[in-house]
Every structure is written in C-alpha cells, then in structure tokens.
Amino acid sequence: MTSRRSFIQIIPLAGALALVARSAVAGAPNVDEKDPQAAALGYVADATKANKAKFPKYAAGQVCGNCQLYQGKATDPAGPCAIFAGKQVSSKGWCSAYTKKA
Ligand code: SF4
C-alpha cells in the first residue's frame, strides 16, 4: 500500500521526469517532409506550400501554430505535435490532420 509519505516523495520525481521528457522533445529533430508518415499526411514546413490539389481542405491561415495538436507555443519556431511523436514540426507548417485550436 502506498503511504502518504511515499506518495509525496513521488511527486517531485514525476515533475523531474516530465521536465526531462520536455527537454528531450525541445532538442528533437524536425519532421522531414519526405518521412513516409509526413508525406502521407501532406506535411510541409511552410503551410503556403501545402498541396492544395491533393488536400483541398487546406485554407490560408491554417498553420501548426494554431492547430489543436501543436504542443509548442505559437511564437516558437517549432514545437512538438501529437501526430509526430519525438519530433518537432514548424509552427508555420501544416498537414492534413490540421484541427483548428478551440
Ligand atoms: Fe501541424 Fe497540426 Fe499537422 Fe501537427 S497535426 S503537423 S500541428 S497541422
């Protein structure tokens, strides 16, 4: 059984692990547009270069920075995305999984 004391000892450890995970992502490589998963989703580092013929749902103004799945700050040049684990996407990028941030 977990005592209150051991539970309290776990909290700082969990916080430290979260920080390590976050800094690991900060140094993560950028998604390569030619990566098979990226290519399948039509990911481009520059949203204005989205393939509008193949992905007609793209609309001007849609960028990773204002996508629900983007986990960085909109002002950061790049940040993690829920779709591409362990990698970073350009905040000015786009892919067909784009979902407007609520
Ligand atoms: Fe960018 Fe959103 Fe696609 Fe991730 S899901 S690559 S944040 S548009």
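What you see below is based on every heavy atom in this structure, not just the backbone, and it leaves out hydrogens, waters and symmetry mates. Treat the numbers as computed from the prediction; the structure is a model and nothing was measured. As the structure lists them, so they are numbered: ligands from 1, and atoms in each ligand from 1.
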Donor-acceptor contact present, side-chain [X] to main-chain [Y], <3.5 Å:
| X | Y | result |
| --- | --- | --- |
| Tyr70 | Gly79 | yes |
| Asp35 | Tyr43 | no |
| Gln88 | Pro77 | no |

task: Could you pull out, from Ala47, Ala45, Cys64, the option with a heavy atom nearest to atom 7 (S) of ligand 1?
output: Cys64
query: When you look at NZ of Lys49, are more than 12 heavy atoms from neighbouring residues, nucleotides or ligands closer to it than 6.0 Å?
result: no
Lys34, NZ atom: more than 12 neighbouring heavy atoms under 6.0 Å: no
Metal check, atom 4 (Fe) of ligand 1 vs Cys67 N/O/S, cut-off below 2.8 Å: no
Find all atoms of ligand 1 within a distance of less than 4.0 Å from any non-hydrogen atom belonging to [X], and give their numbers and elements.
| X | result |
| --- | --- |
| Cys81 | 4 (Fe), 5 (S), 6 (S), 7 (S) |
| Phe84 | 6 (S) |
| Cys95 | 3 (Fe), 5 (S), 6 (S), 8 (S) |
| Ile83 | 5 (S) |
| Leu69 | 5 (S) |

- line: Between Ser90 and Cys64, the two heavy atoms sitting closest are O-CB, 3.1 Å
